[in-house]
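Only one structure is covered here, and it is reproduced in the block below.
What you see is a predicted model, and the numbers here were worked out from it, not measured in a lab. Quick note on labels: first sequence line is chain A, next is B, and so on, each numbered from 1.
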Amino acid sequence: MTEEIKKEEVHLNFLEEIIEADLQSGKYKSIVTRFPPEPNGYLHLGHASSICLNFGLTQKYPGNTNLRFDDTNPVTEDTEYVESIKDDIRWLGFTWKHELYASDYFDTLYEYAIDLIKKGLAYVDDSTSEEMAMMKGTPTEAGRNSKYRDRTIDENLELFRKMKDGAFEDGTRTLRAKIDMAHINMLMRDPVLYRIKHAHHHRTGDKWCIYPMYDMAHGQSDSIENITHSICTLEFVPHRELYDWLIEKLNIYPSQQYEFARRNINYTVTSKRKLLQLVNEGHVAGWDDPRMPTISGLRRRGYTPESIREFCNRIGIAKRENIVDVGLLEFCVREHLNRIAFRRMVVFDPVKIIITNYTGFGELLASENNPEDQSTGSRGIPFGKELFIERDDFMEDPPKKYFRLAPGQMVRLKSAYIIKCDEVIKDVNGDITELHCTYIPESKSGNDTSGINVKGTLHWVTAAKAVEVEVREYDRLFKVENPSGGEGDFKDYINPYSLKIVKGFAEPAIMDAKLSDRFQFMRKGYYCLDKDSTDTKLVFNRTVTLKDAWAKEVKKG
RNA sequence: UGACCCAUGGUGUAAUGGUAACACUACUGAUUUUGGUUCAGUCAUUUAUGGUUCGAAUCCAUAUGGGUCAACCA
């Protein structure tokens, strides 16, 4: 065996290139990244991408990743979100080195602010936000200096201390950086660093009534943690100048910010604001509604961490605008589920079959749990005289290439016998009520001596032993590819048929289903047990359908 | 009508001055006790125009198109 091991071609993304260069040049011996969510909503697919990126980088290169909550706005943040975020990251399979909070640094950040004031680089402004907006200028016109801009250092120190001590009402004063009101980058036009908010913080309680703004907190937190590569999305590109300015003026550890394009996915929205709206206005049942692109929604829907990580891997990262096809996500989950899901038979829209020549009783047939993995063994399926098959697996007047059941036509029942349809029984309305069939005793699965070859194989259940279950079939939440891109409100494009609840008749083995199990209901799709299940009523979520070449064929006509 | 970012098959991502490629999708066919899976194959790509160069997706210029920036949000 001297077979040449083909070296897998490795494509580095632009961040990996930067990191490899930094490692090679000796700029860093190891790297530190961070995932910095604001605890004001649940994590979604977009975050998954960022998580896989930040944690993935330090799995690939020496270093580690912190989880840091960017909790500088007490009004919108809550510990509920902290917990869900931690759960989701763990579920995705990542482990952070330190669990940190920007609020841990409030004392340090306050000192930093004092430092800036002492250096003459920050001042307290009494302008209202309206006044400030007015004086900000526009992208093409310079702004004007605030009349409070030239206060003395001592005056600023005194006023900032009073701000901290609660002497002022919300919104009456801010601390601003003193940079340049004519700067071409609007973020450099004396950005607000601190604002007054007499609000209860989920961690610091009522200790503070002034809170740092993003720009005064994020980069500084990065610096305190010695983050080497601070990775964020493209909309922060203009912030980088301010990020660098503050680090330089404060003379603290020079973390560096890099930006990549957030991933957009068609037929969905990934904006916390919009997701919150869907939840609050009752368009979905909650953050973990299986139609939501949240991690908790996907988890409940039956997606596996592996499939989500694979998805993030495949879409990669870059700097250009993009809309990823949700079909790729579905491909990834099918690929994984095909390998791990146990096969079960469930009939959704049953039509009864009577096997007129069957006289057996209590016959138990063996069927493999997963043909992709023989080690998973098999389970028993009871056979009987009266069965259910899927109503659309029978046609009285079939088109050619229809391999299913039709008058005079034979099919195999999966893991059982070949049957032939002899007679169609209808009610007064002409609707089919029963199909009378005969079975071929010699065609028993695994022991077939009949010599008959049939093209079609159907799933089925024994009527008397069937377990009735509830099945929730999900479709995409939005009718259009880009719900946020069109005219009007994104909610105008909500798909009213995104949830369909149907009944299913399952083989008895389904009774053993556990919450963590994944199933393939044969010829239908992948399903998992929902937490709404009770001892007497099993509820299943459809994760994704199987690919259906026949449906496509029918559509084409 | 300022600045900044970006532009490669339908989609996403590579190729880092030297033969434009991989995956998904779509389409053919084979295999199949899941019209699933698997396997084989097909279609399809450098925004435009100039320039530099023996040679440009790559460097330069201009144009065009898309995105971002005027929250006491992050």
Side-chain angles (χ1 to χ4, degrees), chain A residues 9-13 17 36-38 40 70-73 75-77 125 127-129 132-134 136-141 143 170-176 183-187 189 191-197 210-211 213-215 217-218 232 234-241 259 261 263 266 272-273 314-332 334-335 338-339 343 345 367-368 371-372 401-404 411-416 418 443 445-446 448 453-459 520-525 545-554:
Chain A
E9 243 181 277
V10 276
H11 312 298
L12 299 184
N13 64 47
E17 279 175 9
E38 185 189 9
N40 68 346
D70 243 346
D71 55 350
T72 56
N73 186 0
V75 181
T76 57
E77 295 153 7
D125 193 334
S127 306
T128 64
S129 61
M132 275 176 52
M134 212 118 79
K136 187 110 187 183
T138 70
T140 53
E141 296 166 58
D170 285 10
T172 56
R173 276 169 186 81
T174 57
L175 181 74
R176 290 228 258 170
H183 201 107
I184 203 75
N185 179 351
M186 301 219 26
L187 276 154
R189 320 243 261 228
V192 172
L193 264 20
Y194 262 91
R195 77 286 216 192
I196 303 171
K197 272 181 197 279
I210 56 170
Y211 293 92
M213 296 287 289
Y214 167 84
D215 291 300
H218 195 96
C232 61
L234 246 28
E235 68 265 32
F236 291 98
V237 169
H239 289 255
R240 189 173 61 228
E241 198 169 6
E259 311 87 11
R263 319 318 308 207
N266 60 8
K272 273 198 263 185
R273 203 194 90 248
R314 282 178 183 249
I315 61 181
I317 67 136
K319 294 186 80 153
R320 64 172 146 157
E321 299 295 318
N322 59 81
I323 301 181
V324 180
D325 192 342
V326 70
L328 184 61
L329 213 213
E330 294 175 347
F331 166 82
C332 291
R334 283 192 188 105
E335 186 188 45
N338 177 50
R339 296 202 312 268
R343 271 54 171 176
M345 294 202 281
S367 190
E368 53 202 345
E372 306 292 319
K401 295 212 297 193
Y402 184 80
F403 306 140
R404 308 178 185 184
V411 290
R412 169 168 298 280
L413 297 177
K414 173 69 186 171
S415 296
I418 293 173
S443 67
S445 197
D448 188 349
N453 253 328
V454 292
K455 197 90 169 125
T457 301
L458 306 185
H459 63 283
Q520 183 195 107
F521 292 174
M522 295 196 77
R523 302 208 303 136
K524 286 296 179 183
T545 61
L546 250 31
K547 283 216 290 193
D548 191 347
W550 174 244
K552 216 180 265 181
E553 190 75 24
V554 170

- prompt: Would A/Leu413 and A/His459 count as a side chain to side chain contact (heavy atoms under 4.5 Å, CB included) if you check the C-alpha gap in whole Å, the side-chain angles of each, and the deciding distance to 0.1 Å?
  reply: CA-CA 6 Å; A/Leu413 297 177; A/His459 63 283; over 6 Å; no
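- Distance from the side chain of A/Arg314 is smallest to B/rC24 among B/rC24, B/rU33, B/rG36.
- Residue contacts shown for A/Pro37 are absent, as no nucleic acid heavy atom lies under 4.0 Å away.
- Judged by distance alone with a 3.5 Å cut-off, a donor-acceptor contact links the side chain of A/Arg404 to the base of B/rG35.
- Atom CD of A/Glu372 and atom C1' of B/rU37 are 5 Å apart (whole Å).
- Using a 4.0 Å heavy-atom distance criterion, A/Asn13 is classed as a sugar-phosphate-only contact.
- With hydrogens and angles left out, the side chain of A/Arg412 and the base of B/rU33 share a donor-acceptor pair within 3.5 Å.
- Of all nucleotides listed (B/rU68, B/rC72, B/rA14), B/rU68 comes nearest to the side chain of A/Pro238.
- Nearest nucleotide to the side chain of A/Phe236, out of B/rC73, B/rA74, B/rU25: B/rA74.
- We find that NZ of A/Lys552 is positioned 9 Å from P of B/rG36, with the value rounded to whole Å.
- Not one side-chain nitrogen or oxygen of A/Arg195 sits closer than 4.0 Å to the OP1 or OP2 atom of B/rA71.
- Distance alone, capped at 3.5 Å, is enough to place a donor-acceptor pair between the A/Arg263 side chain and the A/Gly316 backbone.
- With B/rA14, B/rA3, B/rG12 as the choices, the nucleotide that has an atom nearest any side-chain atom of A/Arg263 turns out to be B/rG12.
- Distances from the side chain of A/Ile315 to the nucleotides B/rC69, B/rA74, B/rG12 place B/rG12 closest.
- Here B/rU33 presents its P atom at 10 Å from NZ of A/Lys455, a figure rounded to the nearest Å.
- Judged by a 6.0 Å distance limit and a 45° cone about the ring axis, A/Lys197 is not positioned over the six-membered ring of A/Tyr211.
- A/Ser127 comes within 4.0 angstrom of a base, heavy atoms only.
- Between the C1' atom of B/rU37 and the NE2 atom of A/His459 lies a distance of 17 Å, rounded to the nearest Å.
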message: Under the criterion side chain to side chain contact (heavy atoms under 4.5 Å, CB included), I'd like the reasoning laid out for A/His218 against A/Phe236: C-alpha separation, chi angles, the key distance, then a yes or no.
response: CA-CA 11 Å; A/His218 195 96; A/Phe236 291 98; over 6 Å; no
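- The main-chain N or O of A/Leu328 is never found under 3.5 Å from a side-chain atom of A/Asp325 such that the two would form a donor-acceptor pair.
- Atom CD in A/Glu321 sits roughly 17 Å away from atom P in B/rG65 (whole-Å rounding).
- Here A/Arg523 lies in heavy-atom contact (under 4.0 Å) with a base.
- Across the protein-nucleic acid pair, A/Met213 atom CE and B/rA71 atom P stand 10 Å apart, rounded to whole Å.
- Within the nucleic acid shown, A/Asp548 comes within 4.0 Å of sugar-phosphate atoms alone, with no base atom in reach, counting heavy atoms only.
- Of the candidates B/rA70, B/rU34, B/rC73, the closest approach to any side-chain atom of A/Arg343 belongs to B/rU34.
- The side chain of A/His11 sits closest to B/rA14 out of B/rU11, B/rA14, B/rC24.
- Nucleotides B/rC59 and B/rC5 place their P atoms 14 Å apart, quoted to the nearest Å.
- Using a 4.0 Å heavy-atom distance criterion, A/Leu458 is classed as making no nucleic acid contact.
- A donor-acceptor contact shorter than 3.5 Å links the side chain of A/Arg189 to the backbone of A/Thr138.
- Residue A/Lys197 is in sugar-phosphate contact alone, with no base atom involved, counting any heavy-atom pair closer than 4.0 Å across all strands shown.
- Within the structure, every side-chain polar atom (N or O) of A/Lys136 is placed at least 4.0 Å from both OP1 and OP2 of B/rA71.
- Among B/rU34, B/rG2, B/rG35, the nucleotide with an atom closest to any side-chain atom of A/Gln520 is B/rU34.
- The separation of B/rA20 from B/rA44, taken at their C1' atoms, amounts to 13 Å, rounded to a whole angstrom.
- Regarding A/Leu328, its CG atom lies at a distance of 12 Å from the P atom of B/rA26, rounded to whole Å.
- Donor-acceptor pairing under 3.5 Å, judged by distance alone, is present between the side chain of A/His239 and the base of B/rA74.
- Proximity of A/Lys547 to the phosphate of B/rU37: a side-chain N or O atom is located under 4.0 Å from OP1 or OP2.
- Residue contacts for A/Tyr402: at a heavy-atom cut-off of 4.0 Å it reaches a base atom on one of the strands shown.
- Looking at A/Arg339, its side chain has no donor and acceptor atom pair within 3.5 Å of the base of B/rU37.
- With hydrogens and angles disregarded, no donor-acceptor distance shorter than 3.5 Å links the side chain of A/Glu553 to the backbone of A/Ala549.
- Rounded to a whole angstrom, the distance from the P atom of B/rU62 to that of B/rA26 is 43 Å.
- Comparing the C1' positions of B/rA70 and B/rG12 gives a spacing of 34 Å, expressed to the nearest Å.
- Here the separation of B/rC69 from B/rU1, taken at their C1' atoms, is 15 Å to the nearest Å.
- A/Ile323 comes within 4.0 angstrom of sugar-phosphate atoms only, judged by non-hydrogen atoms across all strands, and of no base.
- Put simply, A/Thr72 has a side-chain N or O that comes within less than 4.0 Å of OP1 or OP2 on B/rA74.
- At a threshold of 4.0 angstrom between heavy atoms, the contacts of A/Gly456 with the nucleic acid are absent.
- Heavy atoms of A/Tyr214 sit under 4.0 angstrom from at least one base atom.
- For A/Ser445 and B/rU33, a side-chain-to-base donor-acceptor distance below 3.5 Å is present, hydrogens and geometry of angles not being considered.
- For the C1' atoms, the distance linking B/rU64 with B/rG10 amounts to 22 Å, nearest Å.
- Using P as the reference atom, B/rC54 and B/rU47 are 25 Å apart when rounded to the nearest Å.
- Distance A/Asn322 CG to B/rG10 C1': 15 Å, rounded to the nearest Å.
- Nucleic acid contact class of A/Lys414 (heavy atoms, under 4.0 Å, all strands): base.
- Each of B/rC69, B/rC4, B/rA74 was ranked by its minimum atom distance to the side chain of A/Glu38; first place goes to B/rA74.
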